[in-house]
Amino acid sequence: MSPSFRAGAREGFRVCLPVSVGLIPWALVTGLAMVGAGFTAVQAMGMSLIVFGATAQLGTLPLIVAGAPLWLIVVTALVVNLRFVIFSAALARPLAGAGVGLRWLCGYVLTDGVFATTLERLRREPDPDWRLGYYLAPSLWCALLWQVSTLVGVLAAGSVPRSWSLEFMASIALLVLLVPMAKLRPMLLAAVTGGTLAVLLRGMPLRLGVMVAIVAGIAAGFAAEHWQARRAGT
Amino acid sequence: MNYDWTLWLTFALIGVVATTLPRASFIVLGERASLPEGVLKALRYAPAAALAAIVVPDVVLVNGAVDIINPKLGAALGAVLATQLSRNPWLPFIVGMAALWLLR
């Protein structure tokens, strides 16, 4: 580890500390919800380590519990994670100096919080070693804090009776993510379209209705953005 | 509920195909690849549409039929209200779970 990597790491850790603390309640809730869905402690921690993504984990739990087909579970997780493709594209240039193995690691530990906090500085900083430390150190710290907090949630959930319906915490968590997104009009339209169609089309075979609802929601949001832009232009 | 080995297959597919691949995609490909502007714009709506498509049926359906007056919907509304009234990250969960237990 070069001195500039360490300097970047220290600075990245410092700026991301507040964001990382915000992960603790999420991780606890995710741990509780996985046990609420009927997972053993080993299964829950297995999912946490393999997936390491709150939205994908919480979003697929209701589908796993309902016995949805595997392809639908995987495609749903992929759709909620599509935002990471955009984040990944933004990070491609700042992290271009690292080896392929390190870049895979950078991908695995990519989270919304560190991305949002570090991107501006990553774009401006000329030293590749410094940039890698600045991104990787807080990301690894967040991953560690996430797994430890999830474990606490998983172990705590073991002493809670099934009748408390802890799995509903997954639905609350998804709502908490959704509400700030829906403050933008086109985003609200995407959510309303997706939610309404998922209910109306619930009778479609293989739960295809969920997929149709998501695609229609994306199309509605995209179309609304166009109209908004055109109206603003005239 | 008991799960068999396919649960681990599910985890592996969610983790590798649906999470790590999108995250690592362009970081690993480097600057050789890029996406058209229109695709990037449309992708921004995917999380909102997907989250709503998962959570709305969960709170308005009771045994497969639409039921507007049910404890889960009340709990969901309480949780949403809590996100509006306070920045406390715990409050939506406390209000939502309390509402769920009280309304049952």
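In this text, all values refer to a predicted model and were calculated from it rather than measured experimentally. We name chains A, B, ... by the order of the sequence lines, and we start the count at 1 in each one. Note that these values count all heavy atoms, side chains included, but never hydrogens, waters or copies made by symmetry.
- Residue A/F87 does not touch chain B at all, counting heavy-atom pairs closer than 4.5 Å.
- Counting heavy-atom pairs closer than 4.5 Å to chain B, the top-ranked of the candidates A/G203, A/A96, A/S171 is A/S171.
- Of the listed residues (A/A56, A/P186, A/C106), the greatest number of heavy-atom pairs within a distance under 4.5 Å of chain B belongs to A/P186.
- The candidate with the highest count of non-hydrogen atom pairs below 4.5 Å against chain A, out of B/T6, B/L7, B/V17, is B/L7.
- Residue with the most contacts toward chain A among B/G30, B/A48, B/G38, B/A75: B/A48 (heavy-atom pairs, distance under 4.5 Å).
- Only the side chain of A/L70 comes within contact range of chain B, with heavy atoms under 4.5 Å apart.
- For chain A, the nearby part of B/V60 is the side chain; its heavy atoms alone come within less than 4.5 Å.
- For A/T60, the part lying near chain B is the side chain, with the backbone staying farther off; criterion is any non-hydrogen pair under 4.5 Å.
- Heavy-atom pairs under 4.5 Å with chain B peak, among A/V215, A/V176, A/I214, A/T76, at A/I214.
- Ring to ring, B/Y45 and A/F222 are not that close: their centroids are 6.0 angstrom or more apart.
- Looking only at heavy-atom pairs under 4.5 Å with chain B, the residue among A/A182, A/A173, A/G53 that has the most is A/A173.
- Listed by chain and residue number, nothing satisfies the ring-ring contact (aromatic ring centres under 6.0 Å, His included) test with A/W227 (two or more places apart in sequence, or in another chain).
- Taking both residues in full, the closest heavy atoms of A/A198 and B/A53 are given as CB-O, 3.4 Å, listed atom of the first, atom of the second, then distance.
- In this structure, the portions of A/V42 lying under 4.5 Å from any heavy atom of chain B include both its backbone and its side chain.
- In this structure, no portion of A/F115 lies under 4.5 Å from any heavy atom of chain B.
- Of the atoms belonging to B/L13, heavy atoms from both backbone and side chain fall under 4.5 Å from chain A.
- Checked by atom type and distance alone, the side chain of A/Y135 never pairs as donor or acceptor with a backbone atom of A/L95 at under 3.5 Å.
- Contacts with chain B were tallied for A/G217, A/A220, A/G195; A/G195 has the most, counting heavy-atom pairs under 4.5 Å.
- For chain A, the nearby parts of B/T10 are the backbone and the side chain; heavy atoms of each come within less than 4.5 Å.
- Crowding of A/R93 atom CZ: a count of heavy atoms from other residues, nucleotides or ligands under 6.0 Å not exceeding 12.
- Of all heavy-atom pairs spanning A/P62 and A/L58, the tightest one is CD-O, 3.1 Å.
- A donor-acceptor pair under 3.5 Å links the side-chain atoms of A/R202 to the main chain of B/G64, judged by distance alone.
- Judged by distance alone, the side chain of B/R23 and the main-chain N or O of A/F84 form no donor-acceptor pair under 3.5 Å.
- Heavy-atom neighbours of chain B within the stretch residues 24-31 of chain A, taken at a separation under 4.5 angstrom, comprise A/P25, A/L28, A/V29.
- The pair A/R185-A/E225 does not meet the salt-bridge criterion, since no charged nitrogen lies less than 4.0 angstrom from a carboxylate oxygen.
- Put simply, the side chain of A/N81 gets close to the backbone of B/A18: a donor and an acceptor are under 3.5 Å apart.
- Residue A/V179 touches chain B through its side chain alone, counting heavy-atom pairs closer than 4.5 Å.
- Both the backbone and the side chain of A/A89 come within less than 4.5 Å of a heavy atom in chain B.
- Of the possible donor and acceptor atoms, one in the side chain of B/S25 sits under 3.5 Å from a partner among the backbone N and O of B/P22.
- You'll find the ring centres of B/F11 and A/F39 inside the 6.0 Å limit.
- B/R104 and A/S165 share a side-chain donor-acceptor pair at under 3.5 Å.
- Of the two parts of B/V59, only the side chain, counted from C-beta on, holds a non-hydrogen atom closer than 4.5 Å to a non-hydrogen atom of chain A.
- Heavy-atom pairs under 4.5 Å with chain A peak, among B/A76, B/A46, B/P92, at B/A46.
- A donor-acceptor pair under 3.5 Å is absent between the side-chain atoms of B/T19 and the main chain of B/V16, judged by distance alone.
- Comparing B/G96, B/A12, B/A42 by heavy-atom pairs within less than 4.5 Å of chain A, the highest count is held by B/A42.
- Under a 3.5 Å cut-off, the side chain of A/S48 and the backbone N or O of A/Q147 do not form any donor-acceptor pair.
- Only the side chain of B/L100 comes within contact range of chain A, with at least one heavy atom under 4.5 Å from a heavy atom of that chain.
- Between B/G78 and B/V95, the shortest heavy-atom distance links the atoms O-CG1, 3.5 Å.
- Here the closest non-hydrogen pair linking A/L197 and A/A216 is CD1-CB, 3.4 Å.
- Between chain A and the residues B/I14, B/V28, B/V56, B/L9, the largest count of heavy-atom pairs under 4.5 Å involves B/V28.
- If you measure heavy-atom distances from B/P89 to chain A, the contacts under 4.5 Å come from the side chain alone.
- Of the listed residues (A/M211, A/Q57, A/M181, A/M187), the one with the most heavy-atom contacts under 4.5 Å to chain B is A/M187.
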Give the C-alpha distance, both sets of side-chain angles, the deciding distance and a yes or no for side chain to side chain donor-acceptor pair (under 3.5 Å) between B/N88 and B/S86. CA-CA 5 Å; B/N88 182 335; B/S86 157; 5.0 Å; no

